[in-house]
Amino acid sequence: MDSLRPVSLGCPGMRLKCVNRFAPAVFGAAALASAAWCPVAASPQLQVPSSLIASARASSENTETTIHLDLKQRRISVIRAGQSIGRWPVAIGDPKTPTPTGVFRVETKLVNPQYESTKSGRVHPVTGPASPLGHRWIGFLQQGPNQFGIHGTPWPHWVKIRAAVSNGCVRMLNAHVQKLYELVEVGTPVRITQ
């Protein structure tokens, strides 16, 4: 299991210690620096045929994907080629620590992120769906030591009532964040509106 260096979060008094079971296949040094995390051991470079790269570029240009978070409705969806895919309820930032608005991009995608307390330094022992971050993390904004993200939660009640309870992060039901995670990539735009 690859252990990643800790990254602070905009979530309640906690820090993210990323635990990723799968090493990334291809990352340049600039991508790792901008994502604010790095693997402990370097991964081998993967050779991809140029015809496959051209095909992927053409495909992505034709199917622009965007995450849209409507804070007023407290609902998140994916817009692909003008069509809405999924409409899921979310819990958002408390009025004292609101979820930021604007247009951002997915900066990180992590499997089984792990919390570390920013106050005590204690690492939360649980990873996966029962962890405070659920089993998927989609980071969209790095602000100083804080990173805001969309993640799962072991407390579905707050999502079901669409509460404003976090320190800025967006909480989803674990089954919903799994679907969202599969639909988006690093670089996908994230549009957050009032």
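Only heavy atoms go into these numbers, but all of them, side chains included; no hydrogens, no water, no symmetry mates. Numbers here are sequence positions counted from 1.
- V159 shares a hydrophobic cluster with L173; the chain of contacts runs through ILVMFWY side chains whose heavy atoms sit under 4.5 Å apart.
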May I have the step-by-step check of side chain to side chain contact (heavy atoms under 4.5 Å, CB included) for V123 and Q114, ending in yes or no? CA-CA 7 Å; V123 174; Q114 187 173 26; 3.4 Å; yes
Does the pair L141 and R105 meet the rule for a side chain to side chain contact (heavy atoms under 4.5 Å, CB included), with working shown? CA-CA 7 Å; L141 174 63; R105 293 210 176 265; over 6 Å; no
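- Here the shortest heavy-atom pairing between P113 and S131 reads O-OG, 3.8 Å.
- With hydrophobic clusters built from ILVMFWY side chains whose heavy atoms lie under 4.5 angstrom apart, V111 shares a cluster with I138.
- Residues V78 and V103 are members of separate hydrophobic clusters, defined by side-chain heavy-atom contacts under 4.5 angstrom among Ile, Leu, Val, Met, Phe, Trp and Tyr.
- Residues F148 and P100 meet the side-chain proximity criterion, which asks for heavy atoms closer than 4.5 Å.
- Between the CD1 atom in I92 and the SG atom in C169 there is a gap of 12.0 Å [rounded to 0.5 Å].
- To the nearest 0.5 Å, the span separating CZ on F104 from CD on Q142 amounts to 12.5 Å.
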Candidate pair L69 and T193, rule side chain to side chain contact (heavy atoms under 4.5 Å, CB included), full reasoning: CA-CA 6 Å; L69 171 58; T193 59; over 6 Å; no
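- Contact detail for S84 and G86: the closest heavy-atom pair is OG-O, 3.8 Å.
- Taking all atoms of both residues into account, the shortest heavy-atom contact from D94 to K96 is OD1-N, 2.8 Å.
- No side-chain heavy atom of Q73 sits less than 4.5 Å from a side-chain heavy atom of R87.
- Applying the side-chain hydrogen bond (donor to acceptor under 3.5 Å, both in side chains) test to pairs two or more places apart or on separate chains, those with a residue in residues 172-182 are H135-Q178, R136-Q178, Q178-E182.
- Between the E107 side chain and the V186 main chain, no donor and acceptor come within less than 3.5 Å of each other.
- Using a 4.5 Å cut-off on side-chain heavy atoms (C-beta onward), I192 and L71 make contact.
- You'll find the side chain of Q194 reaches within 4.5 Å of the side chain of T101, heavy atoms only.
- Between L180 and M172 there is a side-chain heavy-atom pair separated by less than 4.5 Å.
- With no hydrogens or angles considered, no side-chain donor-acceptor pair links W158 and T153 at under 3.5 Å.
- In this structure, the side chains of R75 and P89 stay at 4.5 Å or more apart for every pair of heavy atoms.
- Side-chain contact check for T127 and N112: no donor-acceptor pair (N or O, by modelled atom type) lies under 3.5 Å.
- W137 and H151 have parallel rings, their planes meeting at less than 30° on a 0 to 90° scale where 60° marks the start of perpendicular.
- Rounded to the nearest 0.5 Å, atoms CZ (R171) and CD1 (I150) are 14.0 Å apart.
- Residues G93 and A164 come closest through the heavy atom pair O-CB, 3.4 Å.
- Contact check for I76 versus H68: no side-chain heavy atoms found under the 4.5 Å cut-off.
- In this structure, the side chains of L183 and T65 stay at 4.5 Å or more apart for every pair of heavy atoms.
- Closest approach of A163 and R74 over heavy atoms only: C-NH1, 3.8 Å.
- Of all heavy-atom pairs spanning W88 and I85, the tightest one is CH2-O, 3.9 Å.
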